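Nothing here was measured: the structure is a model prediction, and the numbers come from that model. Keep in mind that the numbers below use all heavy atoms, side chains included, and drop hydrogens, waters and symmetry copies. The sequence lines fix the lettering, A, B, ..., with proteins before strands; numbering per chain opens at 1.
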There are 4 protein chains.
Amino acid sequence: MFKKHDLRAEETKKAILEAAGKLFAAHGFESVTIREIAKEAGCSHTTIYLYFKDKEGLLHDLSMPALNQLERQFETILSEEKLSLEEKLRGLSREFIRFCLLKRNMFTILFTERAGRVDEAEPELDINRTRNKLFASMMAALQGCLELQQHDNRLLTFSRIYYFALYGIVGTYAHSEESYEQLRERLGSTFDDMVDVLLAGFKKKLNREEGTI
Amino acid sequence: MFKKHDLRAEETKKAILEAAGKLFAAHGFESVTIREIAKEAGCSHTTIYLYFKDKEGLLHDLSMPALNQLERQFETILSEEKLSLEEKLRGLSREFIRFCLLKRNMFTILFTERAGRVDEAEPELDINRTRNKLFASMMAALQGCLELQQHDNRLLTFSRIYYFALYGIVGTYAHSEESYEQLRERLGSTFDDMVDVLLAGFKKKLNREEGTI
Amino acid sequence: MFKKHDLRAEETKKAILEAAGKLFAAHGFESVTIREIAKEAGCSHTTIYLYFKDKEGLLHDLSMPALNQLERQFETILSEEKLSLEEKLRGLSREFIRFCLLKRNMFTILFTERAGRVDEAEPELDINRTRNKLFASMMAALQGCLELQQHDNRLLTFSRIYYFALYGIVGTYAHSEESYEQLRERLGSTFDDMVDVLLAGFKKKLNREEGTI
Amino acid sequence: MFKKHDLRAEETKKAILEAAGKLFAAHGFESVTIREIAKEAGCSHTTIYLYFKDKEGLLHDLSMPALNQLERQFETILSEEKLSLEEKLRGLSREFIRFCLLKRNMFTILFTERAGRVDEAEPELDINRTRNKLFASMMAALQGCLELQQHDNRLLTFSRIYYFALYGIVGTYAHSEESYEQLRERLGSTFDDMVDVLLAGFKKKLNREEGTI
DNA sequence: GATGAATGAGCGTTCATTCAT
DNA sequence: AATGAATGAACGCTCATTCAT
């Protein structure tokens, strides 16, 4: 049972998170000021410091739930039995791209190795762990598609190439003015094609090598 | 014959360029302050304005010589008659990646569309023009390899995918601590493989579509 | 009912306005720095931006209330039916001089044509508009005293001479250490005499010309 | 007999003075930078410090010769026997206005009471002495025109009014963009009229008072 | 005598953050 | 719980001035 205060506090915190999420997504972490977030959330800028350590902390607290949600979406896709392995990889990739283009501040978080500051040991790890899990899921799906052993060097190479391609798509549009919907409309099929191209290329390369040997 | 003055000036200017190059590469143009560059270069922040118009001008003077050199290397590769089209594309890509990983501040410059302020027309354009020329060269080579018409929509799609892949490689390691030599040693063959994979994938996709029709 | 917060804020704002008024009057708008104003007001320079848009905005907020008050005083004088035209001109002049010597920062504002930047249309114009209205009132009164047509070139000449005389009085003492009361005591009759002298001179010149023709 | 060095030095100094005079007159003391003066004078900006203590010192050294020249012109006018007293006052005024509008930096020097810094006692005095002499000349001429005793309070009042009028003219156009020639063309007759108006007004006021008594 | 190199102080402004209530 | 008031640090940039040659 909650008191009124608690409820009110919870609401305020939620409003701040929503505002920050919206603004970070739209203009990027650096460009958004604390005061803008407060205005959007309908509270004073000092209130933000009641719930979050600082601006960076707000970003962190904002990221984890989103990442967890993506994680659950990954799990859902992977557990759908009626999907083929290739379809699963396609689904994961599409979801991953969608996620990054919707919440663009995630780009930095997902793709940039954080310095791992010594002073505050814990919280970064949560993000790193989840991020690694996400990439591992995609790589596992890729492995399945290509029918490669886990320690096959070719899998490592192909995984990296796949990673580069994802990085390229997300990074290219991370700072774009276009909304996700606009990008999806204009480039969605290109993103899909990329998966096709890569899978076809991987397979061709495997065949050729096998044929060669 | 140089006077001591000239030598000192040249050294200072060089120190500033080196410092700026290093810091821009490490943290990005926007994040680096004039004072940080000065500190790294071992001079006062006002000294920078002795040699460069302003921060943008410093970026420009830092970029153009390098870009022009890359441009000439592209021309050399393209004019070598004994190379096949695929080998030329491979060469251009390798050279491009090498360039970006050697001078990492170039990443932002090459891949970020700059506003191109209307009020002072000239200097920004140099960079944009050269950059566009570089990408156009690679896309022309790709077009040749795939034997596509210039206005074939599939060429546009494949060009974008190729661009994403390049962006991914360069962006991934733009802020890495590893030197180019280390990266080349560890990942050079992966970069080469990516070109193979993409070309194979593109061709497969073309065949399948043709076969389908 | 006011909270302590409101009172504190009002005091700070007032302190800033007073400091700015004093310093602008003493050294001119351009020469005074934001930090000097803050020091004089006993606050941090950033606090100024809490209450005023920027330095120009501070000048504006400082000037407009005073100008509006003077405008109303002009209207009062002009609407007093029992005053002759000459007495009205005398009253306007006396009030104008009094105003300028009481709020000396007004001198720059009233007598210096400001660029009126094109990009941000509004605030500058308020000042210009009010200033023009004030001078127009005085010139209309002068016109009435001299019984000249509005487009008579001699009116233009006399108006300019009248303007120069006002400028001279106000400018001479704008940076003086003497208070308005002291100046009024010592020079009030001189100021009044100037109006007499000018009106007499204007009339004499008109008569002579008419006589000549 | 001078050495070459001395001649060269003299030339350089002269070039600096000319450049500074031209630029100060055109844009005002504050707006002109040391480097601009050096560029105009065709020397390095450091050379200026060889001949002048600092920027303020340059202004001072620039002012004295000009003031002395004006002083001599005053003497010439006053010694011309064929001129009436009124014509002499008119001549002095015209010359004074011309001088101030040609060398606008003089405005501040002539009309602003200098703080009289304690640290460097002498040089300011030169300027003050000359300035006082100039005004004294004009007031003496005015006294002659009005046939008043030197200690007549009315002379003091009229002198002040005359001073205000001159201040107004010069101050109004001290920061204008128009050249002296343009102003002379457009407003020369207005300036002349002002002398007429004031003299006529002064006389009328004297007569009326005499008549009244 | 003359100069290019270099600098500290300062400009208006913005920002994340803290203090007192 | 929440807020308005206030601030120090920093930004890119300019300037008069000094140093070493």
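Within 4.0 Å (heavy atoms only), B:I34 reaches sugar-phosphate atoms of the nucleic acid but no base atom.
Residues A:E40 and A:K22 meet the side-chain proximity criterion, which asks for heavy atoms closer than 4.5 Å. The shortest distance between side-chain heavy atoms of A:L58 and A:I37 falls below 4.5 Å.
Here NZ of D:K13 is found 13.5 Å from CD of D:E18. Values are rounded to the nearest 0.5 Å. Separating the CZ atom in B:F24 from the CG atom in B:L17 is a distance of 10.0 Å, to the nearest 0.5 Å. With rounding to the nearest 0.5 Å, the separation of OG1 in C:T12 from CD in C:E10 is 9.0 Å.
Phosphate contact (OP1/OP2 of E:dA2, side-chain N/O of D:S44, threshold under 4.0 Å): absent. OP1 or OP2 of F:dA2 has not a single side-chain nitrogen or oxygen of A:T46 nearer than 4.0 Å.
If you measure from atom NZ of B:K13 to atom P of E:dA6, you get 12 Å, rounded to the nearest angstrom. For C:H45 and E:dG12, the NE2 to P distance is 10 Å, given to the nearest whole Å. The distance between atom NZ of B:K53 and atom P of F:dC13, rounded to the nearest whole Å, is 8 Å. Taking atom CG of residue D:L59 and atom C1' of nucleotide F:dA16, one finds them 15 Å apart after rounding to whole Å. Here the P atom of nucleotide F:dC11 and the CG atom of B:L23 are 12 Å apart, to the nearest Å. For the pair B:E10 CD and E:dG4 P, the interatomic distance rounds to 15 Å; values are reported in whole Å. Here the C1' atom of nucleotide E:dG8 and the OH atom of B:Y49 are 15 Å apart, to the nearest Å. The interatomic distance linking C:Y51 (OH) with E:dT13 (P) rounds to 18 Å, in whole Å.
C:K55 contributes a side-chain N or O that, together with a main-chain N or O of C:F29, makes up a donor-acceptor pair within less than 3.5 Å. No side-chain donor-acceptor contact under 3.5 Å links D:K103 to the backbone of D:L67.
Two residues, C:C43 and B:V32, neighbour DNA chain F, and the one matched to the more 5' nucleotide by heavy-atom proximity is C:C43.
Of the candidate nucleotides E:dA5, E:dT17, F:dA2, E:dT17 has the atom nearest to the side chain of A:D54. In the set F:dT3, F:dT18, E:dA2, E:dA2 carries the atom at the smallest distance from any side-chain atom of D:T12.
Taking only distance into account, the side chain of B:T33 never meets the base of F:dG12 through a donor-acceptor pair shorter than 3.5 Å. For B:R8 against E:dG4, no side-chain N or O and base N or O form a donor-acceptor pair under 3.5 Å. Side-chain N/O atoms of A:R35 and base N/O atoms of E:dT17 include a donor-acceptor pair closer than 3.5 Å.
Base pairing in DNA chain F yields stems of at least 3 consecutive Watson-Crick or G-U pairs, both distances under 3.5 Å, namely E:2-21 with F:2-21.
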